[in-house]
Amino acid sequence: MGRIKAENRRSFYIFLAPWIAGFLAFQLAPIGWGLLTSLTNRMAFSIKWKFIGLKNYESVLTNPDVLYAFMITFVYALLHTSLAILTGLVIALLLERKVPGRGVFRTILYFPYMLPLVAVGWIFKIFLDRDTGFLNEVLVRLGLLKEAVPWLQKYPLQSILALALWQSGWSLVIFLGGLATVPNELYEAATIDGAGYGRRLRHITLPLLSPFIFFQFVASMIYAMQTFIQPYLMNPKSHRGENLFLETPPRETFFVMAQAYQQVIEKHRFAYGISMLWTLFAVVLIITVIFIRLGGFVVYTEVEEKR
Amino acid sequence: MKLLKMVLVLALLLLAVGVVFGQKKTVTFMVVEADLPKAFVDKFNSANPDINLVRTEEDWTKWTADAMAGSASDLIRMGTGTNTAYFSKRGLLYDMTKMIQASKIVKMDDIDKPGNAAYQFDGNDFGKGAWYGISKDYNNIGCLTYNKEMFKAAGVAYLSETKPITYYDELYTLAKKLTKKESSGKVTVWGYDVYNGWVQFLVSDMATAQGISFYADAKKSVMNTDPKLKDLWKYWTRFQIEDISSNIRNPNSGWQGSAFQSDRIAIAQLGYWYGAQLQSNKGYNEKYGWAPTPIVRTGAKRVTNTLGATGIVMYSKTKVPKEAFRVWEWYMGGEYGLERARTGWGIPPLLSLRKYLPEDNAYNKSRKAIAFDDAKYFVSWQASPYIMDTPFNTAYGKHIDDLVKGTITADKFVDLMFADINVDMKAGREELGE
Amino acid sequence: MAMLQSQRMRLATAVKLVVLIIFVAIFFLPLVSMIVTSLKTMEELFKYPPIVFPRNPQWGNYVTAWTMVRFGHFLVNSLTISIFYTVPCIFGSCFAGYAFSRFRVREKSGIFMVVLSTMMIPQMVTIIPLYILISKIGLADKQWLWLLFGLQGTPFLIFLFRQYFSTIPISFEESARLDGAGRFRIFFAIMFPLVQTAVIVAGIFAFQWSWADYLQPVLFLKGEKVTLAVKLAIGYTDQKENVLHHIGMAGLLYYTAPIIIIFFALQRRFIAGLMSGGLKG
C-alpha cells in the first residue's frame, strides 16, 4: 500500500512538474520581489529608496479615492457578472431546442468574445460617440431617442458594461453545455405531470444548472474585479494615440487596477502601485472565499466521489 | 601543402579579426514610426554597415520597466523637452556636451540656443550647463491659427500678424463671439478650444510675464497659492465653463487639431507646426490666418514658449554611446534632418537648416515670420525637477468635469488640482532621496 | 389536444426566433459601425453634422491598413508567438489537469487552491518584475520565450482538463496498469486521445489569449519582433498623432480574421467540447 502511495506521489509531481517549474521561475520570484518592493518607497526612477514597512498599505487603505475605487470596482464586477450570466442563460434557453439557424445564431453571439479587448474598446468608443457614433444615429432615426446622447460622458459605467455584455458569449457557450447535461426524461416526466414551462424551468433546469452558474459567477467576479484597460479605452477625454494612461478616467470607472496602473506607469510610483495591486488581490481572495463558502461549492470533493 | 596551410590559417585569422572588429553594434531607438519610418532606418543601416539601428515602439510601460532593469533604449524620443530636468536629475540621461562639441554634423554654434534651451540643464535652470540632446524641431506653441471665413461671417476683423492680442480680454471676447450654438444649446462651433495637455505651458508664460512663480518655494516643491496665479488657471477654465470650449456637455470627438480642421473651432492655439497639417485642406492658403502668441494684457511683456519641443536624448547607461551618437547626428543634421526642414513641420534645431523652411505662399510666409518673431521672446516654462509636466494635465483633467457641471467652484478646482500636484511633488522628492 | 400542443410549439418557436433576431440585430450594431467607419475619409470622420454613411466607400483604406503597418511581417510574428505559446500550453495544462484529477495525494487540494489563486494575481504584479529579471540576464527580446511561458499551462485550462479527466472512468487506466503499462504510456496512449475535444477547446482559448496579449510582447520584444497587438495599438496614427479611426477599423478586421477563421474551422468541435466534459465540478 505504501509503495503504491509513494508511486502515486511521484507520478503526481512528475505530471505537475511543468506547472511547478513555471510557477517557481515566472511567478514565485517576481511575486516575492514585488512583495518586498511594496514595503519600500521605491519609485521607477528612484535614486535611493528605503524600507518603510507597511506604510504603502496604510496609504492605500486610508485614501478616499482608492476606497471609493474598491467600492465601485466591486459594484461593476457584480453588475458585469450578473448581467453577463443572465444574458448567457436567456440566449441559451432560447437556443436550447430546435430553432432554425441555431448554429448561425450561436456563432454570431459568441463571435464578439473572440475580439481582443483593445479592439473592442476602440470599436465601442467610436460606436458610442455622441456626434459621429452609429448608435445615436440608429436610435434617433428609429425615433427611440429625441436627440443624440453623449453615452461615454454621461454613462461611463454603463458604456463599459455594454462592452462586457457584447462579449458575454463565453457564458452562452457554457450554459449550452450545461443544458445538454439535463436528462430529457426529467422534462418529459414533468410535462406528463402537467408542469408548464415556468415550473420546469424553476424546478429542473435551474437547479441542475446551478453548478455552472456558480462556476461562472466566481470566475467572472475574479476576472471583472481586475478590469483595468476598459476605463482608459473608453475614457472620453483621451484622444491622441500615445499615452493612454495620461488622462484619468471618470470617477465612476476609475477601478482599482486602473488606478494602480496609472500610479506605476504614469506617476512612476512603483512600490505604491504594487501595494495597491496586492491589496486588490487580498480583497479578491477574501470575496472569492466568501462566495465559495456561501455557494457550498467545494471544487474537488465532488470529483473525488465521482472516482 | 605547407603554403596552403599557411594561407588557410591566415585567412581564418583575418576572418576572426574581421568578426571581432566588424561586430555590428546595435543601437536601439525608442521612437514612434511616424517620426522614423522604416525606409529611413533601412537607408541608415545600408549607409552604415557597422551599425544595426533598431527602432522600438514608444511605450511608457516598456520605458519604465526598461529603466528599472537598467536596459533602456540607447536613444529615446522625448515628447516634451522640458522633462529633461526630471530625467537628468534621476541620472537617466547621457551628457552629450563633449560629443556635440566634437561633432562635424551638429555643430555647437549651429545649434539654435533659445529654441533648444530645454535640452540644456545645469541642475537648476534651463539654457545652462550640460547638453542632453536637442529638439528635432521646435515651435511657438502659443501662436494662433484662425479660420478667416468664420471671422468674416461674424463681422470680425482679421488678426494682426505683428501685434499680439491680449488674453485679458481680447481672446475671450473674440472666442465668445465666434462660438455658434444650436437652439437646443448644443455647440456647433467652439470659439476657442482649451487643450488640457498644454494649458500649463500657457499659464506658465502668463505667470512669467508677470513675475509670478508657479511654486511657493525656491526648491519648487510646493505649488504657489498666490491668488494672482490661481486667477490665471481660472482664466482657462472659464472657456470650458461657458461652453466656449469643448467640455463634458459638448464633447469633442477628436482633439483640437482635428476639430479645427473640420471647421468646428474658430481659433486654434497649436503652433507653427500645425500649419503643415492644415495644408491637406483645400484652399488653406486663403482660409487660415496666423497671429502671434497673445500677451497677458495691454502693455504686458511678450513671453512665448516652445514647451521644450520634441527631441532625442541618450540613455545614460548606454553601452554604445559613440554609435548612438552617430545615429543621433544623422537624425538631427543629416539627410533626415533636411527632409523634415523642407516639409515645414517645425523650426529646425540647427540654424543652417532654417533656409529650407517653405515660403511658397502667403500662408507659409506669415506663419514662418510669426514663428521667428515669437522666438525672440522664448522663455523656458517653469518646470519643477520633482515632476514631469504630466501631473498638470492629469490633475486638470481629473477635476474639470466637476467644475463644468457646477458641483465645485473655480477656487475649489484650483485647490484640488494643486493638492494633487503637491502629492506628486512629494513623491518626487522621495524619489530623489530628499 | 395534440393539435393545440403542436400549434403552441410552433408559436413558441416563432417567438423565440423573433427575440433571437432582435438580439442578433443589436449585437450586429457595433460591427456595422466598425465597417461603416472603415470606409470613410479622414474629413468624414470628424465632420459636423455627422456623416454616418460615407459618401464614397473608401475601399482603399483596406489597402492602406495593410501597408501602413506592414501587416504581413507582424502577422508572421503574431502567428509565431501564438503557436509558441499555445502548443506547450495545451500540454502543460493537460499534464497538470491529469495530475489533479487522478492521483490521490494528500496535499493535492492545497496545491490546487494555489493554482486557482494565481488567477487572482493581477498580471502587472508578476510581469514587470519578471521582465526586469529576464532583462538583467540578457534573455529579453527573444520570441522563443513564449515556449517557456506556455509550458506552465494556465489555471483556467488546468481546471478544464481536470474536469474532463474526471469524467473518464478509472477502469480504463486500471486495466492498462494490470497489463503492466507505465504511467506515461497510459497517459499518451489512452488518456490523451480521450480528451481531444478538450485539447481543441484549450488550443482555441490559448491562441485567442496570446493573440490579444499586449503587455508581454510590448515589454519583452522590440523593433521588428513585436506582435500585431503591439503594432496596431499605436500603428494607425499619423505624423501629428491623429488617430486614424477609419484605417484602424479596417486594420482591426484584418487582425481579428485569423481568430475567426480558426474558430469557424473548429467551431463544432469547440462547442461540442465545451458542452460535453462538463464544467460542473
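These numbers were taken from a predicted model, which means no experiment stands behind them. Chain naming here is simple, since letters A, B, ... match the order of the sequence lines and numbering starts at 1 in each. Side-chain atoms are counted along with the backbone in the values below, which use heavy atoms only and exclude waters and symmetry mates.
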Arg264(B) versus chain C, heavy atoms under 4.5 Å apart: side chain, backbone, both or neither? side chain

Lys/Arg-Asp/Glu bridge criterion (N-O < 4.0 Å) met for Glu57(B), Lys231(C): yes

Would you say NZ of Lys142(C) has more than 12 non-hydrogen atoms from neighbouring residues, nucleotides or ligands within 6.0 angstrom? yes

Considering all heavy atoms of both residues, which atom of Thr61(B) and which atom of Leu219(C) are nearest to each other, and what is their separation? O-CD2, 3.8 Å

Relative to chain B, which segment of Val218(C) carries a heavy atom at a distance below 4.5 Å: side chain, backbone, both, or neither? both

What part of Ile127(C) lies closer than 4.5 angstrom to a heavy atom of chain B: side chain, backbone, both or neither? neither

Residues in residues 62-74 of chain B near chain C [non-hydrogen atoms, under 4.5 Å]: Lys62(B), Ala65(B), Asp66(B), Met68(B), Ala69(B), Ser71(B)

Using a heavy-atom cutoff of under 4.5 Å, enumerate the residues of residues 70-78 of chain C that contact chain B, numbered in order, or state 'none'. Arg70(C)

Does a side-chain heavy-atom distance below 4.5 Å link Thr28(B) with Lys222(C)? yes

Would you indicate whether the side-chain heavy atoms of Tyr214(C) and Asp59(B) approach each other to under 4.5 Å? yes

CD of Glu44(C) to OG of Ser262(B): how many Å apart, nearest 0.5 Å? 11.0 Å

Looking only at Arg55(B), Glu33(B), Gln261(B), Lys38(B), the option with the highest number of non-hydrogen pairs under 4.5 Å against chain C is Lys38(B)

